[in-house]
Number of protein chains: 2
Amino acid sequence: MSEIITYGDYQNLFNLFKSIYPLSNELKVAIVNNSEVIEVNKKVKLLSVGERSHTIYFVVKGAARVYYLNKEGKETNTWFLFENELLISVYSFYTGNPSFEYIETLEDCKLIAVKREKLDEMYLKYMEFNFSGRKLTEFYHMRNEIQANDLRMYSAKERYEHLVERNPALFQRVSLGHIASYLGISQETLSRIRKQK
Amino acid sequence: MSEIITYGDYQNLFNLFKSIYPLSNELKVAIVNNSEVIEVNKKVKLLSVGERSHTIYFVVKGAARVYYLNKEGKETNTWFLFENELLISVYSFYTGNPSFEYIETLEDCKLIAVKREKLDEMYLKYMEFNFSGRKLTEFYHMRNEIQANDLRMYSAKERYEHLVERNPALFQRVSLGHIASYLGISQETLSRIRKQK
DNA sequence: ATAATTTTTTGACTTTTGTCAAAAGTTGGG
DNA sequence: CCCAACTTTTGACAAAAGTCAAAAAATTAT
């Protein structure tokens, strides 16, 4: 019988994988050996515009955002990520092209960092790892689809109300200025919407 | 040496997979045995609101759209799919929950249809199939992300201009009424934007 | 605690986009 | 070739959301 291995910071990541497909001890060891646990202060950029993204992060503790600058130089947040979520610049990480967006921590973070090179090695060596990778990608894809639909289908006010309903905790951890651009509206409009209710 | 198998309608689908990961003859045969080539007239619904999506389609020939009805009962198109693209209702197919959107053909279509049950069997039996599935999901995920960013970041006019630039062919095959809701604007606004230029 | 910084709100005004109704243009069968 | 159905455009007006500037409130550092 194989020993039960618990790697502290990796426990939640392993649980996530295990909930999708059985995780062998060999693959667990590979994941640990091919990754790094890092601590990053808040307001630190993990990726800047023009850089190529080589790393995917799993958030053990903390929060981060993905954003870019529009033509007028204003920040537009596209994603907020918290504990037990995967943090990447989708476009740059998948294509290897220079990023048009930033990744920045919102709070002090503990992250598990995996280089794309190592990840690709694991995907080739442990074919069943692609099963989990596929399922996780499907899940994030779905979240994206819902996000795009909301932007098309609903007014500023409705989008705000849905967000409050679906993710009230977000408002505890992220400033309204950040949330406004995520909702695709100006900060002033968000402030007025909140007053109305 | 193994025979070269060419299955007519499957050729482009196989080429797509082959461009991602080597495709064994065994898997080719499984794909053919677990799918169906169907012909569907235009304006036919492949999925309706409330139904659970059990099928993923590969478009051999023709065009289709994914859309839903907003509160006022107006159609909002979220996606147009053409030759060599995969056609699904992301939410319903991935979760198995009832769909909130419709899939409808825009032209007479030839499609390769795969039931989720069969697809899942293949994902379990041929682990390397998950490699291709993962890569394809990553690609569609990326397209989605770009779409959501465009909706947040750009004005109606800019979104129109980007679409003309990136996908001029779309305007040859899809009516402006359909394209308007895809861009998240009213048909009248689209008409006025086009006149300006 | 206080000053400095950052975030949020408010007011006045402008711009963008939507709505409704009708006209014009286009397309496809019979 | 012509009618019916559908698509696109136009006009007048309304509603939604943005902008700029400043005030108020909250947070952080000293």
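Within every chain, numbering begins at 1; the chains are lettered A, B, ... in the order of the sequence lines, protein sequences first and strands thereafter.
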So which of residues 173-188 of chain A are in contact with DNA chain D, with a heavy-atom cut-off of under 4.0 Å? A/G184, A/I185, A/S186, A/E188
Starting at [atom1] of [X] and ending at [atom2] of [N], how long is that distance when rounded to a whole Å?
X: A/E158; N: C/dG18; atom1: CD; atom2: P; value: 14 Å
X: B/R152; N: D/dA17; atom1: CZ; atom2: P; value: 16 Å
X: B/L190; N: C/dT17; atom1: CG; atom2: C1'; value: 12 Å
X: A/Q196; N: D/dA17; atom1: CD; atom2: P; value: 9 Å
X: B/R159; N: C/dT17; atom1: CZ; atom2: P; value: 7 Å
X: B/E72; N: C/dG18; atom1: CD; atom2: C1'; value: 11 Å
X: B/Y160; N: C/dT17; atom1: OH; atom2: P; value: 15 Å
X: A/K157; N: D/dG18; atom1: NZ; atom2: C1'; value: 18 Å

If you link I, L, V, M, F, W and Y whenever their side-chain heavy atoms are under 4.5 Å apart, who else ends up in the same group as A/L151? B/L151
Any non-hydrogen side-chain atom of B/N77 less than 4.5 Å from a side-chain atom of B/F80? yes
Taking OP1 and OP2 of C/dT9, is either one under 4.0 Å from a side-chain nitrogen or oxygen of A/K195? no
Can you tell me if the side-chain N/O atoms of A/S191 get under 4.0 Å from OP1 or OP2 in C/dT9? yes
Examine A/R194 relative to A/Y160 and say whether NZ or CZ is less than 6.0 Å from the centre of the six-membered ring and inside a 45° cone about the ring axis. no
Please answer: with hydrophobic residues joined when any side-chain heavy atoms are less than 4.5 Å apart, are A/V66 and A/L69 in the same cluster? no
Are A/L16 and A/M142 connected in the hydrophobic side-chain network, where two residues link if heavy atoms are under 4.5 Å apart? yes
Is the distance between the ring centroids of A/Y102 and A/Y68 under 6.0 Å? no
Given the options A/K42, A/R173, A/K43, A/E107 meets salt bridge (Lys or Arg N to Asp or Glu O under 4.0 Å) only with A/R173
Please determine whether any donor N or O and acceptor N or O are separated by less than 3.5 Å between the side chain of B/R194 and the base of D/dT7. no
Is it the case that the base of C/dT19 and the side chain of B/R192 share a donor-acceptor contact (distance under 3.5 Å, atom types as modelled)? yes
Classify every nucleotide of nucleotides 22-30 of chain D by which part a protein heavy atom approaches to under 4.0 Å, writing B for the base, S for the sugar-phosphate alone and - for neither, in 5'-to-3' order. ---------
Any side-chain donor near an acceptor of the partner, A/E51 and A/S99, under 3.5 Å: no
Closer than 4.0 angstrom, basic N to acidic O: yes or no for B/R192 and B/E188? no
